[in-house]
Q: 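Mind having a look at this structure? Questions to follow.
If you're wondering where the values come from, they're calculated on a predicted model, not measured in any experiment. Atoms within each ligand, like the ligands themselves, are counted from 1 in listed order.
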Amino acid sequence: MLNDAVVATLESGLRGELIQPGDAKYDAARAVYNAMIQRRPSLIARCVDVADVITCVNFARAQKLPVSIRGGGHNAAGLGVCDDGLVIDLSLMRWVRVDPGKRTILAGGGALWGDVDHAAHAFGLAVPAGIISTTGVGGLTLGGGIGHLTRQCGLTIDNLLAVDMVLADGRFVTANAKENADLFWAVRGGGGNFGVVTAFLYKAHPIHTNYAGPMLYPLEDAAEVLRWYRTFIVKAPKDLNGFFAFLTVPPGPPFPAHLHNKKMCGIVWCYSGPLKKAEKVFKPIRKRKTPALDLVGPIPHPALQSMFDPLYPPGHQWYWKADFVREINDDAVALHVKYGTELPTMLSTMHLYPIDGTAARVKNNATPWAYRDAKWAMVMVGVDPDPANKEKISAWARDYWTALHPYSAGGAYVNFMMEEGDDRVRATYGKNYERLAKAKKKYDPSNLFRVNQNIRPAK
Ligand SMILES: Cc1cc2nc3c(=O)[nH]c(=O)nc-3n(C[C@H](O)[C@H](O)[C@H](O)COP(=O)(O)OP(=O)(O)OC[C@H]3O[C@@H](n4cnc5c(N)ncnc54)[C@H](O)[C@@H]3O)c2cc1C
């Protein structure tokens, strides 16, 4: 039972702040990115350092409290927050340290990608991450990490060199290729199942300015564009990334008025090779078919990384369904066009993110990410600010996914999943699940960390 005296023991052990129901900050502190998620934790501990995290883990274990770990709070399933338990909130641990000599970046467990991009860019460096800069380093990395640099630099986990962690028993450990190598294997895709990561060490790449941005085409051309894209991108040089999307053009700059609110398809390109070669790379793409809108050009890496932030602020209703995809045949193209034409709201979208190139050079069992042979991570995303549209966006995403699922590889990227049950988690990890379950048994035998895409400890 949590009484005042018990809570006081936790509070006295923290340098950070403890927020409880009734506190003025409580509702803001329990809110996560997806406004569809409304959970009411008993305690929210805003940790400022590793000592705070150790205190929280020991407290949750001793009190048998459900515990969730909050990084950037972006998880669509809301896995950073729990009901009636303790939230270990890392949002005050957003520090970043760049070592320009070694080209490494050390980031606090609660850092956002915008923090990393900002710090790294001053040194002409970048770490492969996602496409929205307010996403947490923590959740994105631990699930894999797909973005504009995937084909060139691999997944985020392929650039992870080490983690500092607090385990379920309160021990602090470092995991890397040599130290606690089984744990290091497990965290590179196994999510927050194994403990609280207090720091991530990344390999950075000398990337300063990309040649990037969206090229949009009329919806009437979607089938032809998608058929071209599916063969073009898998043969493209690895420094060229491009994800396919169905979208509605936002009614404002930089989009021309005649396209406002129009449903379209497009490819968001990112060429991260030498800038002087960029025009040449895009010449055949532009020549093949003149886009209705071409916003592709030189852009500093952090500007690309935050390009879509204003469209997708926190607080929207958010529901998505995903799968890995090995090929997009003509039947799948036709279904994509059908559902792409039926985007239910302005912000709803569908993305096909390439996961080939450098990411595909890693073996299926080298990390928990079991779909290195797939070509895309596909996600149908229903989004709207109005809670009244919750059912509409969810039904569209579900129907779209149901239609395309038979054409998929089976599992989905864990970071693009809602809470979809044990079978989906197992399908996602495939043959790697048993090894993850063994690591879970070793590092978290009582499943203290279970507010996540949960891996059950091996029997
Ligand atoms: C708008 C938007 C855009 C996105 N774009 C991309 C994209 O381009 N590429 C991509 O790969 N993904 C993308 N994602 C998915 C994203 O990777 C996941 O939602 C991810 O879980 C977010 O991480 P977070 O730290 O912000 O989330 P949180 O909700 O804070 O946490 C998510 C999960 O990770 C665990 N976790 C977080 N931090 C830690 C930590 N330090 N230690 C241990 N466990 C931790 C939590 O316990 C929880 O289970 C996007 C999501 C959104 C909402």
Q: Identify, for atom 11 (O) of ligand 1, the protein heavy atom at the shortest distance, and state residue, atom and that distance.
A: Tyr413 OH, 2.6 Å
Q: Please compare Thr135, Asn75, Leu142, Ile69 and report which has the shortest non-hydrogen distance to atom 29 (O) of ligand 1.
A: Asn75
Q: Can you check whether Leu167 reaches Leu183 side chain to side chain, under 4.5 Å on heavy atoms?
A: yes
Q: Given that the side chain starts at C-beta and the backbone is N, CA, C, O, which of these parts of Phe449 lies under 4.0 Å from ligand 1, counting heavy atoms, or is it both or neither?
A: neither
Q: Can you tell me if Gly73 contacts ligand 1 (heavy atom of the residue under 4.0 Å from the ligand)?
A: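 Contact check Gly73 vs ligand 1: positive.
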Q: Less than 3.5 Å apart, any donor N or O on the side chain of Thr367 or Arg372 sitting next to an acceptor on the other?
A: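 There is such a pair (donor and acceptor under 3.5 Å, judged by atom type) between the side chains of Thr367 and Arg372.
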Q: Out of Tyr312, Phe200, Trp320, whose heavy atom sits nearest atom 50 (C) of ligand 1?
A: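 Heavy atom nearest to atom 50 (C) of ligand 1 belongs to Trp320.
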Q: Tell me if the centroids of the rings in Trp369 and Tyr413 come within less than 6.0 Å of each other.
A: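 Yes; Tyr413 has its ring centre under 6.0 Å from that of Trp369.
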Q: Would you call the rings of Tyr229 and Phe244 parallel, tilted or perpendicular, taking 30° and 60° as the class edges?
A: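 Taking Phe244 first and then Tyr229, their aromatic rings sit tilted (interplane angle of 30° to 60°).
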Q: Considering distance alone, does some N or O of Val137 sit under 3.5 Å from an N or O of ligand 1?
A: no
Q: Tell me, which protein residue and heavy-atom name are nearest atom 37 (C) of ligand 1, and how many Å apart are they?
A: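 The protein heavy atom lying closest is Gly139 N, 3.3 Å.
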Q: So which bit of Leu90 gets within less than 4.0 Å of ligand 1, heavy atoms only: side chain, backbone, both or neither?
A: side chain
Q: Any nitrogen or oxygen of Phe416, main chain or side chain, under 3.5 Å from a nitrogen or oxygen of ligand 1?
A: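 Such a contact does not occur with ligand 1.
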Q: Around atom 15 (C) of ligand 1, find the nearest protein heavy atom and jot down its residue, atom name and distance.
A: Asn415 O, 3.5 Å
Q: Considering only the protein, which heavy-atom contact is closest to atom 3 (C) of ligand 1, and what is its distance?
A: Ile132 CG1, 3.5 Å
Q: Taking the side chain from Asn159 and the backbone from Leu155, do they hold a donor-acceptor pair closer than 3.5 Å?
A: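 Yes, the answer is positive, given that a donor and an acceptor are paired below the 3.5 Å cut-off.
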Q: What about the rings of Trp376 and Tyr407, do their centers lie closer together than 6.0 Å?
A: no
Q: Give the residue, atom name and distance (to 0.1 Å) of the protein heavy atom nearest atom 10 (C) of ligand 1.
A: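 Answer for atom 10 (C) of ligand 1: Leu140 CD1, 3.3 Å.
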Q: Counting non-hydrogen protein atoms only, what is the nearest one to atom 27 (O) of ligand 1? Give residue, atom name and distance.
A: His74 N, 3.3 Å
Q: Look at the rings of Tyr271 and Phe282 and say which category their plane angle falls in: under 30° parallel, 30 to 60° tilted, over 60° perpendicular.
A: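 Perpendicular, since the angle between the ring planes exceeds 60°.
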Q: Out of Val381, Thr141, Ile131, indicate the one that has the non-hydrogen atom closest to atom 5 (N) of ligand 1.
A: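 Selected option, by shortest heavy-atom distance: Ile131.
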Q: Check ligand 1 against Gly192 and write out every atom of the ligand that is under 4.0 Å from a heavy-atom position of the residue.
A: 44 (N)
Q: Tell me, which protein residue and heavy-atom name are nearest atom 9 (N) of ligand 1, and how many Å apart are they?
A: Ile146 O, 2.6 Å
Q: Which residue supplies the protein heavy atom nearest to atom 41 (N) of ligand 1, what is that atom called, and how far is it?
A: Val197 O, 2.9 Å
Q: Classify the angle between the aromatic ring planes of Tyr400 and Tyr339 as parallel (below 30°), tilted (30 to 60°) or perpendicular (above 60°).
A: parallel
Q: Given His351, which partner from the list Trp320, Phe246, Phe243 fulfils the ring-ring contact (aromatic ring centres under 6.0 Å, His included) test?
A: Phe243
Q: Taking the six-membered ring for Trp, are His121 and His208 closer than 6.0 Å centroid to centroid?
A: yes
Q: Is the backbone of Asp115 close enough, under 3.5 Å, to the side chain of Arg94 for a donor and an acceptor to pair up by distance?
A: no
